[in-house]
Amino acid sequence: MSQGATITYLGGDCGGYSVDMTASKFSTRVWTIIMGCIVLLLSLTKDMSSMWQISAVGTLSVFVIVLYCIVGSSIALAENTLTPQYNAEECVNADDSFAAELLTGFGSVIFGYGFHAVLPDIQTSLLETDSNTAHKDIKKAITGAFSVAFPAYLVIALLGFAAFGVSVASDVLVSVTMVLSKAAMCVVWVFVIIKTATEAAVYNQSAFVICRDILGISKRSYDILLRLVWVVVATLVAMYIPFFGDLTAITGALSVTPLSFVYPVFFWNCKHKHDAPKWRIRFHYVFIAVWVTFGTAALVGAIWSLIINLRSKQ
């Protein structure tokens, strides 16, 4: 749910940009509600295996967003009208906010691995009768995704820093608004909304499967009610914790850390503790300890940063 709330807030924030990047007609909360309605509509799909069209549209949106980031940063670099600064000391604040943001950054990194938790559901949605074939298919999909994602992240990070220096926004698209026209940016913000909405729907489907199994829900009417309550609660969280970095870090610490870095590794150790090499078992426990430490640091930083942000709004 926390991942859905984070994505819903991001999509709602982009709604304001897409309508009017200088003075949005609606507040961020209103756009968050609109985004929640879009996510609910997409989340009404019966199950994960029925979502391939939605996933395809989301994938197309990702390619458009990546292209915008690369082209926008390249234009800024080529025009040479900006005067980017590369001295990192200029963006460091001497107050407590810097330390809080630094710790919160761990949560943002962890959040990027959140998709691990939905991989089993995606594999199940392939409807393969042979488990070995299903493993091979999902491995091909993950390899293909990383083959595109890693170079894209690296190129955008380097180009963004080269074009905008230390003042580059954590979301490079925000910095790209300085070089691309308002009409061009409205287009990409719409694609960001589409991407985040489809992403949230995929995460929700995994949660719905677990909740249906735990609660023993079989009737479609109860299933729809579960989806409605789930999306409404996630939207309320997004509305009343309107700080994307803090929400991302809290989600990374409390949700992604156990689901991606603790439980899978721990269960693997329990299953293979008698036949796996001792050094590998020990290494896995060290791995768990490291990521739990990162998650704890992210949670402390996020709560610290959240308190600072709430005080500054008063």
Side-chain angles (χ1 to χ4, degrees), residues 1-7 47-49 51 55 58-59 62 103-150 153 198-215 230 234 247-302:
M1 181 179 291
S2 56
Q3 290 167 319
T6 305
I7 296 170
D47 52 34
M48 189 78 80
S49 60
M51 290 191 63
S55 298
T59 301
V62 169
L103 293 176
T104 303
F106 285 108
S108 300
V109 173
I110 294 172
F111 184 81
Y113 293 89
F115 72 96
H116 286 194
V118 301
L119 288 179
D121 294 280
I122 294 176
Q123 179 173 318
T124 303
S125 71
L126 298 177
L127 302 179
E128 293 280 2
T129 56
D130 182 23
S131 60
N132 291 328
T133 303
H135 282 304
K136 290 179 180 178
D137 289 343
I138 197 68
K139 185 177 181 179
K140 291 177 183 177
I142 295 173
T143 302
F146 271 100
S147 299
V148 176
F150 180 75
Y153 270 111
T198 55
E199 187 177 6
V202 171
Y203 279 112
N204 285 346
Q205 286 294 345
S206 299
F208 297 152
V209 171
I210 296 174
C211 290
R212 283 201 304 265
D213 292 342
I214 293 176
L215 300 176
W230 186 276
L247 192 55
T248 299
I250 292 173
T251 300
L254 297 181
S255 175
V256 179
T257 297
L259 292 178
S260 295
F261 301 114
V262 178
Y263 294 148
V265 181
F266 177 76
F267 292 148
W268 190 96
N269 278 0
C270 292
K271 181 179 180 180
H272 299 281
K273 61 182 178 181
H274 297 300
D275 53 355
K278 295 296 183 182
W279 67 265
R280 186 172 183 178
I281 299 295
R282 295 191 184 99
F283 174 78
H284 285 173
Y285 282 122
V286 172
F287 177 88
I288 291 174
V290 169
W291 283 101
V292 167
T293 302
F294 287 161
T296 304
L299 182 61
V300 171

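- Looking only at side-chain heavy atoms (C-beta outward), S55 and T198 stay at 4.5 Å or farther from each other.
- F146 meets the ring-ring contact (aromatic ring centres under 6.0 Å, His included) test with F115; sequence neighbours excluded.
- Residue P264 comes nearest to P258 through the heavy atom pair CD-O, 3.7 Å, listed as atom of the first residue, atom of the second, then distance.
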Sequence neighbours excluded and cut-off under 3.5 Å, please list the side-chain donor-acceptor pairs for residues 274-294, or say none.
| residue | atom | partner | partner atom | Å |
| --- | --- | --- | --- | --- |
| H284 | ND1 | N269 | OD1 | 2.8 |
| T293 | OG1 | A289 | O | 2.8 |

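- Sequence neighbours left out, not one pair with a member in residues 256-266 passes side chain to side chain donor-acceptor pair (under 3.5 Å).
- Remark: the backbone N or O of A249 is not paired with any side-chain donor or acceptor of T104 at under 3.5 angstrom.
- With rounding to the nearest 0.5 angstrom, the CD1 atom of I250 is 12.5 Å from the CD1 atom of I110.
- Every pair passing salt bridge (charged side-chain N to carboxylate O under 4.0 Å, His left out) that includes a residue from residues 201-212 is listed here, sequence neighbours excluded: R212-D223.
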Show me the side-chain donor-acceptor pairs of residues 132-141 shorter than 3.5 Å, one per line, residues at least two apart or across chains.
| residue | atom | partner | partner atom | Å |
| --- | --- | --- | --- | --- |
| T133 | OG1 | D130 | OD2 | 3.0 |

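- How far CG of N204 is from SG of C211: 10.0 Å, rounded to the nearest 0.5 Å.
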